[in-house]
Amino acid sequence: MRDCTGWLLDLYPDSEAGVVLWIVTQTGKRLRLRQPFTVEFAIAGPAPRLRSAWQWLRNQPIPVKLERSQGRDLFLTEPVTLLSIHTDAACQPRLFAQLCKAFPDLDYYNADIQLSLRHAALFDTFPLARCEIEYDAAGTVSSLHVLDSPWETDPQAVSLRILNLDSDVDPQYAPPQSLLVYDDAQMGEELALAHPQKLLEGLAEILTAYDPDILITAYGDSWILPYLIQKSAELHFSLPLNRDPEHRIIRKNERSYFSYGHIVFNNQQIHLFGRLHLDKKNSFLFKDCGLEGVLESARVTTLPIQTSARTSPGTGISSMQVLTALRNHILVPWHKQQVEQVKTAAEMITYDQGGLVYQPKIGLHHNVAELDFISMYPSVMVKCNISPETSRPDHLGSETEPGLVPLTLKPLLDKRVKIKLALGSLPPTDPRYKRYQAASATYKWLLVTCFGYLGYKNAKFGRIESHESVTMMGREALLTAKETAEDMGYEILHMYVDALWVIKDGVSRPDQLGPLLDAISERTGLSIALDGIYRWLAFLPSRADKRVAVPNRYFGVFQDGSIKFRGIEARRGDMPPFVTDTQIELVKILASAKSPAQLTYSIQQAERFLQQKVSLLRLGQIPLNQLIISQRLSRELSAYKSPSPAARALKQLQSIGQDKRPGQKIRFLYTLTHDGVQAWDLPEKPLHSQIDTTEYEKLLQRAVQTVFDPFAYHPSLVKETAYQECLC
DNA sequence: TACAGTCGGGG
DNA sequence: GTGTACGACTGTA
């Protein structure tokens, strides 16, 4: 018998039986261990059907242990009678698929659960958990103890070997000539793509010598790894991308799906075994929060690192709920079917609204304080114990046992608060600072998504009534905050879901807001913080009707000089960088005015800056990539009923055999050509003389108007003097 | 003018 | 493998 202490790098089903565990030991060894692992799932239904299923299970080849049992379905008051099926982890997905095909009418429980979650429920494991393990000479684990928890803020760190794999240029802009292979110290090699055999040999040598734990690529999912795999096959070369020789690399297909009212495109994925492949271009989490964020997300969701890097926070929070359910012996339904309960008309009025949204007072304001509730909705869920099983408001607070959702959220919220507090007192140079920031940003997404998930009808533990309870409590809290502020002599300029903007004569310093913040926290039981005090802030009217305010169109500058803007052109992803940058720069110039008196001067400065930009545009001196419009395709080309610019650009691409799927972005320029646009991904770039500058001036004019309007200033873009200055 | 198409939002 | 809202706004016909 041997034993070791180490960190769990990866966990997946063995091809034969049980699970494979990869351990990075304290002494730096990489161990591949196996552990027998039996899993359980269950079916419910009419007794005769369960008897038939019992017979069927007895007569099929996969070994199973069957028993009658009872379980708790969160959505039912009575216990459910079950036929529970115990089988080996490696066989369960196949057995479930076959059983489900033979008995589609039964209710399935705990049937489609990630292996890592099942393991976590039993052994308290999670990615990078520190473990103490006993195993025999054949590498079979006999005991496993986890020594730390995902909720520790400073776990003993594991030292991982990281290898980066990029191309010399971004393949989106030009065809790459070589691959760059380098470690974290930026030491590495450049391998020419022109010589595949030499490329493979060079890479194999590095992989063997360095034996990385994590392979971080740019476009490894969509291009580099598929390319390497294909070349290896063609040349009969054995490239050690994988660490586990018994497991083949798997490719998960690309797909498009709906999320948040948009169609989203997910590229294909390449997963390795025993080594982790992370594609930084195919992971929102990686782009947002870096490797630290990816690892942190895996730790708290218990999803495998390669999976957690590529999934949405919705999947993450859902996994956490499933884990809570498993640990508390609550059945996890498959294909949750649930209808909204009938409500009276009166109930509809109180329930069926979202967050509280006010009409802001249009125009320019000075010394405005913005107060934000911290993680308002998740806090409400925990504080009021809102969960699918405790969601009716007449039940609110009456449950003594915390529900599934609060139980899941509590440790996450607590850890985020702990980290945020620590961040406040740490210097940015502290080694923990970066990790804490990444972790906080990661948890933020998990927490935010949890609320939406509560109201999603296909979520395993969603229930629309819980969703509505949360928004109702949120509205109440915001109204309480409003009353509190008014009681203390503040004027409310605006309220929006979890934030309010207030002013009061003589209040212009953060410390003056302390009593108000304390009073609101006291009266609502929720944490609220000062986002900042604006030197000035402009709430914008609707373009259609200048008398009507729009709840989320504003821009302003805080006392520290940082600017904040919502809903204006620069926030939109479909504006060309030229317009976005110019608009932001204009706001910054106006922001440099420390007092209303200095504004006149700043406005003049802003106008001069603007005239220069316009001149450069007309002279064709703005680089083409500053003029690219990027839009998300919402459908197939044939499904477009009217030829939008994006559709016309897509048509151009398709005519040269390039395709874009719904959810992918298409980039184009406004041109003076027949279509009025030119797709950026065509081999030919347009000449500057073909650019439709009036179209860009129109976009710019609009963005400029947005910024200058609150200052009652209306510049025209044509100014001969500035134009001539640029000509010289 | 009506309808089609795109975007943001939370922190 | 997991949020098909909702309203502001612009473009097309």
Side-chain angles (χ1 to χ4, degrees), chain A residues 112-114 252-253 255-264 266 269 288-289 303 307 310-319 321-322 334-336 352-355 357 370 372-378 416 420 437 440-462 464 467 470-471 474 496-499 529 531 540-545 548-553 564-575 629-635 639-648 650 662-663 665-666 670 676-677 695 698-699 702 706:
Chain A
D112 61 339
I113 294 173
Q114 267 267 359
K252 297 194 171 182
N253 279 334
R255 60 193 189 89
S256 295
Y257 65 92
F258 265 99
S259 161
Y260 241 117
H262 290 278
I263 196 158
V264 177
N266 229 352
Q269 305 178 4
D288 254 26
C289 312
L303 287 170
T307 309
R310 295 166 173 91
T311 53
S312 66
T315 306
I317 202 78
S318 176
S319 302
Q321 293 176 357
V322 167
W334 181 66
H335 272 191
K336 187 186 81 71
D352 205 25
Q353 299 169 45
V357 169
E370 180 179 341
D372 292 359
F373 282 99
I374 302 166
S375 289
M376 179 199 245
Y377 285 163
R416 178 147 194 263
K420 288 220 96 169
Q437 267 201 325
S440 173
T442 306
Y443 303 156
K444 169 195 76 195
W445 282 113
L446 290 170
L447 289 168
V448 163
T449 316
C450 185
F451 162 71
Y453 227 66
L454 203 56
Y456 173 43
K457 67 176 184 302
N458 293 323
K460 283 186 195 294
F461 297 109
I464 193 68
H467 193 271
V470 175
T471 54
Y496 192 86
V497 187
D498 62 352
D531 195 38
L540 302 174
S542 157
R543 285 198 116 91
D545 185 344
V548 179
V550 183
N552 213 20
R553 260 169 73 81
K564 177 164 177 175
F565 50 98
R566 291 293 181 266
I568 66 173
E569 288 75 8
R571 280 299 276 205
R572 292 181 67 102
D574 61 348
M575 277 290 139
I629 314 256
S630 168
Q631 289 188 334
R632 196 180 295 284
L633 291 165
S634 60
R635 60 208 73 199
Y640 276 93
K641 289 183 186 166
S642 83
S644 69
R648 296 189 313 255
L650 177 60
K665 289 210 168 158
I666 188 152
Y670 282 123
V677 297
E695 198 60 39
K698 234 165 75 187
L699 292 177
R702 224 182 269 149
T706 300

As its Watson-Crick or G-U partner within any shown strand, both distances under 3.5 Å, C:dG3 has none
What residues form a side chain to side chain donor-acceptor pair (under 3.5 Å) with A:Lys665, not counting sequence neighbours? none
Taking side chain to side chain donor-acceptor pair (under 3.5 Å) as the test, write out the residues that go with A:Thr311, two or more places apart. none
Expressed in angstrom and rounded to an integer, what is the separation of [X] atom [atom1] from [N] atom [atom2]?
X	N	atom1	atom2	value
A:Arg310	C:dT2	CZ	P	13 Å
A:Ile113	C:dT2	CD1	C1'	15 Å
A:Phe565	B:dG9	CZ	P	10 Å
A:Tyr496	B:dG9	OH	P	8 Å
A:Lys460	C:dG1	NZ	P	13 Å
A:Leu446	C:dT2	CG	C1'	14 Å
A:Arg648	B:dT6	CZ	C1'	14 Å
A:Ile568	C:dT10	CD1	P	14 Å

Pick the P atom in B:dG9 and in C:dT2, then give their distance to the nearest Å. 23 Å
How far, in whole Å, is B:dG8 from C:dG1 if one measures between their P atoms? 26 Å
Residue A:Ala544, side-chain heavy atoms: nucleotide from C:dC9, C:dT2, B:dG11 that is nearest: C:dC9
Options C:dG11, C:dT2, B:dG9, nucleotide nearest the side-chain atoms of A:Arg566: B:dG9
Can you tell me how far the [atom1] atom of [X] sits from the [atom2] atom of [Y], to the nearest 0.5 Å?
X	Y	atom1	atom2	answer
A:Lys698	A:Tyr670	NZ	OH	8.0 Å
A:Met376	A:Leu447	CE	CG	14.5 Å
A:Asp531	A:Ile374	CG	CD1	10.0 Å

Within the 4.0 Å heavy-atom criterion, would you say A:Gly573 contacts the bases, only the backbone, or no part of the nucleic acid? sugar-phosphate
Got A:Tyr377 and A:Asp498 here, is their nearest side-chain heavy-atom distance under 4.5 Å? no
N/O (side chain, [X]) to phosphate O (OP1/OP2, [N]) under 4.0 Å:
X	N	answer
A:Ser542	C:dC9	yes
A:Thr315	C:dT2	yes
A:Arg553	C:dG7	no
A:Arg543	C:dT10	yes

Could you go through A:Gln114 and A:Thr315, starting from their C-alpha distance and side-chain angles, then the distance that decides it, and tell me whether this counts as side chain to side chain contact (heavy atoms under 4.5 Å, CB included)? CA-CA 11 Å; A:Gln114 267 267 359; A:Thr315 306; over 6 Å; no
Salt bridge (Lys or Arg N to Asp or Glu O under 4.0 Å) filter on A:Lys252, not counting sequence neighbours, yields none
Not counting sequence neighbours, which residues clear salt bridge (Lys or Arg N to Asp or Glu O under 4.0 Å) with A:Arg543? List them please. A:Glu569
Begin with the C-alpha distance, continue with both residues' side-chain angles, and end with the deciding distance and a verdict on side chain to side chain contact (heavy atoms under 4.5 Å, CB included) for A:Ser634 and A:Tyr640. CA-CA 9 Å; A:Ser634 60; A:Tyr640 276 93; 3.7 Å; yes
In this structure, which stretches of DNA chain B are paired as stems of three or more consecutive Watson-Crick or G-U pairs, both distances less than 3.5 Å? B:1-8 with C:6-13
I'd like a table of atom pairs between the protein and nucleotides 3-5 of chain B - only N or O on both sides, under 3.5 Å - with the distance next to each one.
unit_1: B:dG5; atom_1: OP1; unit_2: A:Lys641; atom_2: N; d: 2.6
unit_1: B:dG5; atom_1: OP1; unit_2: A:Ser642; atom_2: N; d: 3.2
unit_1: B:dG5; atom_1: OP2; unit_2: A:Arg635; atom_2: NH1; d: 2.9

